[in-house]
*Asks:* 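The following block contains the structure, expressed as structure tokens.
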Amino acid sequence: MPNANRIDGKAKAAELSKIIAQETAELSSEHDLKPGLAVVIVGEDPASEVYVRNKKRTAETCGFHSVQHTLSADASMKDVLGLIDELNTNSEIHGILVQLPLPEQLNENLVTQSITPEKDVDGFHYENIGKLTAGDTDKAFVPCTPAGCMLMIEDQLGRDLSGLNAVVVGRSNIVGKPMASLLLQANATVTICHSRTKDLPAVCREADILVAAVGRPAMVKGDWIKPGAVVIDVGINRVEEGGKSKLTGDVDFAAATEVAAAVTPVPGGVGPMTIIMLMSNTLRAARRANGLT
Ligand code: GUN
């Protein structure tokens, strides 16, 4: 099946951005309420700086109150937890995101668990993980990357994935595990693969839905893909090619388009959807904080 559908995450995110901006304007005129997003970055990781800039820009496009807190690379746990405490009680802030990874003197888990679950727009707090895992997806804040992937999968296959095999490659708390929960909730038969999986290509070949989230450039080859599958590429890998630096996914995109029914490109697939889901979660947090549905 040559020339698979290229799933345009950038275009879909732009559509969703207009809807969110419209709903934000209504919230402002009807309830005098502006969703507030605080993004915290510690240190100067160049990739993190790009992500944070994009998040701030998108928040502003949506009409949000958007603040960024930049802490120095040698910030202590006391510094970070103090800032989160302040943001937890600040009524203008509805969503808090601490950009990961953090410098090694900081305990990532303690930091993410210190964000109040009501403002945990990343969906990393155990309370939100618990709700998602228990199938209470309406009440949980769902991590942004899997939430964005799910919307693209639904566009291709509908909301009910009964009878379909889904394979998630990667078992991270940010992507792999919550992705598997969402697919299971949609009735797919789900397999999570990782570095210890035996014969990974053979497992992938069974997938009607294949989600690659490992962080290894072009690891998933064309002959790992079942003809007609929907392939979601979560990888964002920077590689050198012909003396130039470029972004590439975890899937061999050109080969995948020869086999799959639909594939997300990198860039322009999952990335923009992740950012827009953060805005969606923040809008929802603002509504909930004010007793609105
Ligand atoms: N670093 C890479 N992805 C993410 C994400 O989704 N959230 C946060 N906070 N940091 C990240």
Side-chain angles (χ1 to χ4, degrees), residues 35-43 45 47-49 51-52 55-56 59 64 66-150 168 170-182 184-185 192 194 213 215 234 274-275 277-289:
L37 173 65
V39 175
V40 178
I41 180 167
V42 187
D45 177 63
S48 290
E49 282 177 340
Y51 295 144
V52 166
K55 286 168 186 171
K56 189 160 194 294
F64 290 5
S66 164
V67 291
Q68 181 179 330
H69 293 270
T70 307
L71 300 184
S72 66
D74 62 358
S76 66
M77 278 301 282
K78 191 159 170 274
D79 297 332
V80 180
L81 295 182
L83 173 59
I84 292 174
D85 248 4
E86 231 175 271
L87 296 169
N88 276 341
T89 52
N90 181 338
S91 62
E92 287 187 353
I93 296 299
H94 307 102
I96 304 168
L97 178 144
V98 178
Q99 186 67 29
L100 305 178
L102 290 171
E104 61 183 22
Q105 78 275 15
L106 299 174
N107 180 327
E108 220 160 80
N109 190 44
L110 275 183
V111 169
T112 48
Q113 300 311 312
S114 73
I115 296 171
T116 186
E118 291 79 17
K119 297 191 180 187
D120 169 37
V121 284
D122 251 332
F124 295 165
H125 194 283
Y126 291 157
E127 192 171 313
N128 285 310
I129 296 174
K131 286 176 183 170
L132 170 61
T133 310
D136 206 355
T137 27
D138 289 345
K139 295 216 182 83
F141 283 111
V142 176
C144 302
T145 300
C149 293
M150 209 55 205
V168 180
R171 55 173 158 177
S172 70
N173 290 332
I174 296 185
V175 184
K177 289 179 199 166
M179 187 75 240
S181 295
L182 288 172
L184 184 61
Q185 183 69 10
I192 306 178
H194 45 79
V234 179
T274 295
I275 295 181
M277 295 322 291
L278 174 65
M279 305 308 143
S280 170
N281 280 349
T282 305
L283 176 61
R284 206 155 138 236
R287 281 203 182 114
R288 279 205 214 159

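The analysis underlying the following values was restricted to heavy atoms, covering all of them including side chains, and did not include hydrogens, waters or symmetry mates. Nothing fancy with the numbering, it's 1 onward along the sequence.
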*Asks:* Which residues satisfy the side chain to side chain donor-acceptor pair (under 3.5 Å) test with S72, sequence neighbours excluded?
*Replies:* D74
*Asks:* Please report the closest heavy-atom contact between E127 and P117, naming both atoms and the distance.
*Replies:* OE1-CG, 3.4 Å
*Asks:* Taking all non-hydrogen atoms of both residues into account, name the closest pair between I192 and A180 and its distance.
*Replies:* CD1-CB, 3.5 Å
*Asks:* With rounding to the nearest 0.5 angstrom, report the NZ to NZ distance, K131 to K139.
*Replies:* 7.5 Å
*Asks:* Looking only at heavy atoms, what is the nearest atom pair of K55 and M279, with distance?
*Replies:* O-CE, 3.3 Å
*Asks:* With heavy-atom distances below 4.5 Å as the criterion, would you say the side chains of L100 and F124 are in contact?
*Replies:* yes
*Asks:* Can you tell me if R288 uses its side chain to pair, donor with acceptor, with the backbone of H94 under 3.5 Å?
*Replies:* no
*Asks:* Would you give the length of the straight line joining atom CG of L37 to atom CG of L283, rounded to the nearest 0.5 angstrom?
*Replies:* 11.5 Å
*Asks:* Taking atom CG of L81 and atom CD of Q113, what is their separation to the nearest 0.5 Å?
*Replies:* 11.5 Å
*Asks:* OG1 of T112 to CD1 of I96: how many Å apart, nearest 0.5 Å?
*Replies:* 12.0 Å
*Asks:* Within a strict 4.5 Å, meaning less than it, do heavy atoms of the Q99 and V42 side chains meet?
*Replies:* no
*Asks:* Got N107 and M77 here, is their nearest side-chain heavy-atom distance under 4.5 Å?
*Replies:* yes
*Asks:* Within the 4.5 Å heavy-atom criterion, are L132 and T137 side-chain neighbours or not?
*Replies:* yes
*Asks:* Is there side-chain contact between L87 and H69, with heavy atoms separated by less than 4.5 Å?
*Replies:* yes
*Asks:* Do you know the tightest heavy-atom contact between C149 and V234?
*Replies:* SG-CG2, 3.9 Å
*Asks:* Using the rule given for side chain to side chain contact (heavy atoms under 4.5 Å, CB included), can you reason through Y51 versus I275, listing the C-alpha separation, both sets of side-chain angles and the distance that settles it, and then say yes or no?
*Replies:* CA-CA 9 Å; Y51 295 144; I275 295 181; over 6 Å; no
*Asks:* Please round to the nearest 0.5 Å and tell me the distance separating atom OG1 of T282 and atom CG of L97.
*Replies:* 8.0 Å
*Asks:* I174 and P178: which non-hydrogen atoms are nearest, and at how many Å?
*Replies:* O-CG, 3.4 Å
*Asks:* Tell me the closest heavy-atom pair linking V111 and S114, and the distance in Å.
*Replies:* O-OG, 2.7 Å
*Asks:* Is the backbone of K119 close enough, under 3.5 Å, to the side chain of T116 for a donor and an acceptor to pair up by distance?
*Replies:* no
*Asks:* Does any part of the side chain of Y126, heavy atoms only, come nearer than 4.5 Å to the side chain of D120, both counted from C-beta?
*Replies:* no
*Asks:* State whether the side chain of E108 and the backbone N or O of L102 hold a donor-acceptor pair below 3.5 Å, judged by distance alone.
*Replies:* yes
*Asks:* Does a side-chain heavy-atom distance below 4.5 Å link C144 with N281?
*Replies:* yes
*Asks:* I115 and H125: side chain to side chain contact (heavy atoms under 4.5 Å, CB included), yes or no, with the steps?
*Replies:* CA-CA 7 Å; I115 296 171; H125 194 283; 5.6 Å; no
*Asks:* Say you draw a straight line from CG of N128 to OG1 of T133; how long is it, rounded to the nearest 0.5 Å?
*Replies:* 10.0 Å
*Asks:* Are the side chains of M179 and M150 in contact, using a 4.5 Å heavy-atom criterion?
*Replies:* yes
